[in-house]
A.B. asks: 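Below is one structure. I have some questions about it.
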2 protein chains.
Amino acid sequence: MTNIDQSNQIISLDRISDICGVSIGTVSKALSGKPGVRSTTRQRILSVAERYRYRPNRLVHAIQRGKSMTVGLTCRNFGDEFGGRIMSGMLEVLFHAKYDPIVISWELSVNEGVRALRSLTERRVDGILMFPPAELPTDPYLEELRIFNGPIVVVDQMWPGCRYDFYGSQDAEGADVVTEHLIKLGHRKIAHIQLSNVSTGQSRLDGFQRAMIRHGIAIHEKWLPGIEHYGSDEPYKIARELLSSPDRPTAIVAFNDPVAMQVLAAAHDLGLRVPQDLSVTGFGDLDVTRHLRPMLTTVAQNPMAIGRKAAERLLQQIEANSTAPGHPVSSPLQELLPVEVIVRQSTGPISR
Amino acid sequence: MTNIDQSNQIISLDRISDICGVSIGTVSKALSGKPGVRSTTRQRILSVAERYRYRPNRLVHAIQRGKSMTVGLTCRNFGDEFGGRIMSGMLEVLFHAKYDPIVISWELSVNEGVRALRSLTERRVDGILMFPPAELPTDPYLEELRIFNGPIVVVDQMWPGCRYDFYGSQDAEGADVVTEHLIKLGHRKIAHIQLSNVSTGQSRLDGFQRAMIRHGIAIHEKWLPGIEHYGSDEPYKIARELLSSPDRPTAIVAFNDPVAMQVLAAAHDLGLRVPQDLSVTGFGDLDVTRHLRPMLTTVAQNPMAIGRKAAERLLQQIEANSTAPGHPVSSPLQELLPVEVIVRQSTGPISR
DNA sequence: TCATACTTGGAAAGTACTTTCGTAAATTTT
DNA sequence: AAAATTTACGAAAGTACTTTCCAAGTATGA
């Protein structure tokens, strides 16, 4: 046996053709099941390939076909349950379509982010699934995104002037309905802790205000505090300040479940009982809402479906792009998936 | 201008050489800053490359150098805060070393998992960072892992017979010390909710038992319930059953913070006050521990450092592998990062 | 036995580069 | 102005394949 080099390199067609005494072309045909190879020859090649653990080099396929079967995934942070579910949905669809994700993170400076994105272009990913950062994408970033000329699908968060396909949640409706839920319970002094500078924050604020205005309830500017840095304990401080005032709100609509959790902590620390003294709502319906006491009234989103739909759409676009190149100038699609208010223990009728 | 084809394909060296009227080789040298090109020619090529937004094809580099500058990342699930931090640490190191991660998920059947892993081999990733699943890897999986002959580094969770480099936490020590903390507070009736079938679960159980035995405290089998399916509400049910008994434990050492959170919920639902009636400890020191009321006494791990160290080690191995091929048969490294008990409000002296 | 048809395998081109080597052109020296 | 030296550029090979086309080789029918 001439197995000099079975050390640690993966064997190539070249080596197999040497070992079997046939040409590279024949080995290729044999392994890919193409006709034109005698069955005895094919068997011989197959068994050698098996013995030497041949694995085709997909980088070569990628170059030849002009299609890498990879997609870029720009993801905010990994520890986030909501974002994690979106990614799970994406990965499920990608996997079954035999695409692999190259992941880049937003936990980078602007320059680094641009480099990461450029890397996706240089690796010739067939498309990009974009989970935008809490901050707006910067100009150099958007420019690099334009240079990448494959399809792009954005999820969860938009930015002004974004011309890409988008999948998100009915944030405004969710905030509207959950606010209405509080109003129907008799609440009038309702605060909303919003997330500044992002589209979901703006939409939820809009929905909140819509419900308040519809019911003719005054909106106090001081009861619309905004979180500047997501991921800190700012929500706790904001809630504590809101609730420390003698004229405190009787209900708080929090931007999302993690924020609501910090509101619950602040209420607890101030000796306020939920829901007797204060009603609290979240957004997202994460697992945590069911493990908190009181269990959290919240707006259920469907992050898995967002991820799945976004990935499916991206694959469609890739398909369309490769069969008929040249931009398929259909105007960007925007789908907002329905949400549902889940009433649990953290909201109750107002008590005076 | 002969820009017939600037439609949507990224321009190639070939096209640039056409446009500039020089050979491909010259373009290559000009763009990569190699000598042997007149500065006027270089400028001309550079400006054309800039105008047409040239981006080198890294797939070609990968084939030529036999090094793809990618690593595989097998990750359990994305929504998990602990896992997310490990991944953040990994990504940080990989990014700065100009490696990109191809992520595959464990939320797959056995066959699918093997296919995902095979895909990594076929894409010629230079190494694999492995965050093992809650279940043990199956034989076909381990076999596919062997076929991939680059370096592999495992984090957090081991499996029997694993011969790869490993970075984890001092699970046994953490459980030991936090149990001792409870014992010093006067507790004798201490239960441990363990996670069955995984190495961290076993280590924490070992540590728990070590502390108990050292202090001559009897260990009741019924107070060592195991979670079979991580990610469900099984911990809640287990805690509720433990605490419903007339002869209930006065302290519970939970496998980790999410489990401890469910224990707190069960205690709350049974009218038990924490820490007056029951002390609870977690493991991990996730953000959630600070937002719970009472705040959770826990064992702080350092997942970012685990991720960083694992990635650094992997890159070392890749480097060593490419300079001196043939397995560097050093016996596998195992580093367990220190942990620290963080005492908060969920543990207190026993009250009778 | 010879012509025809079919089967089998090989050579070569193409993918997007890098790198080496050789040669022509430009520049400097005599 | 001719020779020597330096510089600039191109041709070609190599990377690991797929695919097409072509030339043998084999089997079949007259």
A.B. asks: Let me know which of B/Leu314, B/Asp165, B/Ile128 forms a side-chain contact (heavy atoms from CB on, under 4.5 Å) with B/Ile152.
C.D. replies: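 Only one of B/Leu314, B/Asp165, B/Ile128 forms a side-chain contact (heavy atoms from CB on, under 4.5 Å) with B/Ile152, namely B/Ile128.
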A.B. asks: Using the side-chain heavy atoms of B/Ile63, tell me which of these nucleotides is nearest: D/dT20, D/dA16, D/dT18.
C.D. replies: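 The nucleotide sitting nearest to the side chain is D/dA16.
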A.B. asks: Roughly how far, to the nearest 0.5 Å, is the CD1 atom of A/Ile45 from the OG1 atom of A/Thr40?
C.D. replies: 9.5 Å
A.B. asks: Can you measure B/Ile24 atom CD1 to C/dT20 atom C1' for me and round it to whole angstrom units?
C.D. replies: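 So the two atoms are 16 Å apart, to the nearest Å.
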A.B. asks: Just the rounded figure in Å: distance from P of C/dG9 to CD of A/Gln43.
C.D. replies: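 The answer, rounded to whole Å, is 13 Å.
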A.B. asks: Given axes from five pairs at either end, by how many degrees does the helix from C/dT1-D/dA30 to C/dT30-D/dA1 bend, rounded to 10°?
C.D. replies: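 Here the helix ends are tilted 60° relative to one another.
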A.B. asks: Nearest whole angstrom, please: distance from the P of D/dC17 to the CZ of B/Arg123.
C.D. replies: 15 Å
A.B. asks: OP1 or OP2 of D/dG10 sitting under 4.0 Å from any side-chain N/O of B/Thr26?
C.D. replies: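 Affirmative; the distance criterion is met.
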A.B. asks: If you round to the nearest 0.5 Å, how far is OG of A/Ser105 from CZ of A/Phe78?
C.D. replies: 5.5 Å
A.B. asks: Is the phosphate of C/dC17, meaning OP1 or OP2, less than 4.0 Å from a side-chain N or O of B/Ser28?
C.D. replies: no
A.B. asks: Whole angstrom is fine here: how far is it from CD1 in A/Ile16 over to C1' in D/dT18?
C.D. replies: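 Computing the A/Ile16:CD1 to D/dT18:C1' distance gives 15 Å.
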A.B. asks: Just compare D/dG10, C/dG10, C/dT19 and give me whichever is closest to any side-chain atom of A/Ser23.
C.D. replies: C/dG10
A.B. asks: Once you round it to whole Å, what is the distance between P of C/dA16 and CD of A/Gln64?
C.D. replies: 10 Å
A.B. asks: For B/Leu13 and C/dT19, give me the distance from atom CG to atom C1', rounded to whole Å.
C.D. replies: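 Rounded to whole Å, this separation is 13 Å.
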A.B. asks: Could you check whether A/Pro56 gets within reach of a base, just the sugar-phosphate, or nothing at all, counting any heavy atom under 4.0 Å?
C.D. replies: sugar-phosphate
A.B. asks: CZ/A/Arg15 to CD1/A/Ile10 distance, rounded to the nearest 0.5 angstrom?
C.D. replies: 14.0 Å
A.B. asks: Measuring from the side chain of A/Thr41 (C-beta onward, heavy atoms only), which nucleotide among D/dA16, C/dC17, C/dG9 has the closest atom?
C.D. replies: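 Taking heavy atoms from C-beta onward, the closest nucleotide is C/dG9.
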A.B. asks: Checking A/Glu143 now: which residues fulfil side-chain hydrogen bond (donor to acceptor under 3.5 Å, both in side chains) with it, not counting sequence neighbours?
C.D. replies: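 In terms of side-chain hydrogen bond (donor to acceptor under 3.5 Å, both in side chains), with neighbours along the sequence ignored, A/Glu143 is linked to A/Arg146, B/Arg53.
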A.B. asks: Do the side-chain N or O atoms of A/Tyr54 get closer than 4.0 angstrom to the phosphate oxygens (OP1, OP2) of D/dA16?
C.D. replies: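 For A/Tyr54, the contact criterion (side-chain N or O under 4.0 Å from OP1 or OP2 of D/dA16) is not met.
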A.B. asks: Under 3.5 Å, side chain of A/Thr74 to main-chain N/O of A/Phe131, donor-acceptor pair present?
C.D. replies: yes
A.B. asks: Within the structure shown, what part of the strands sits under 4.0 Å from B/Leu59 by heavy-atom distance: base, sugar-phosphate, or nothing?
C.D. replies: nothing
A.B. asks: Roughly, in whole Å, what's the span from CG in A/Asn57 to P in C/dA16?
C.D. replies: 16 Å
A.B. asks: Within the structure shown, what part of the strands sits under 4.0 Å from A/Lys34 by heavy-atom distance: base, sugar-phosphate, or nothing?
C.D. replies: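 Sugar-phosphate contact only.
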A.B. asks: Nearest to the side chain of B/Lys29, heavy atoms from C-beta on, is which of C/dT19, D/dT18, C/dT18?
C.D. replies: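 Between C/dT19, D/dT18, C/dT18, the one nearest the side chain of B/Lys29 would be C/dT19.
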A.B. asks: Is it the case that the ring center of A/Trp159 lies less than 6.0 angstrom away from the ring center of A/Phe166?
C.D. replies: no
A.B. asks: Taking the side chain of B/Arg38 as heavy atoms from C-beta outward, which of D/dT15, D/dC9, C/dT15 is closest to it?
C.D. replies: D/dC9
A.B. asks: Side chain of B/His61 only, please: which of C/dA16, D/dT18, C/dT18 is the nearest?
C.D. replies: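 It is C/dT18.
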A.B. asks: More 5' along DNA chain D: A/Arg65 or A/Val60, using each one's nearest nucleotide?
C.D. replies: A/Val60
A.B. asks: What integer distance in Å separates A/Arg58:CZ from D/dT18:C1'?
C.D. replies: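 After rounding, the reported distance stands at 16 Å.
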A.B. asks: Could you note down all residue pairs passing salt bridge (charged side-chain N to carboxylate O under 4.0 Å, His left out) where residues 113-125 of chain A supplies at least one of them, sequence neighbours left out?
C.D. replies: A/Arg118-A/Glu144, A/Glu122-B/Arg58, A/Arg123-B/Asp100
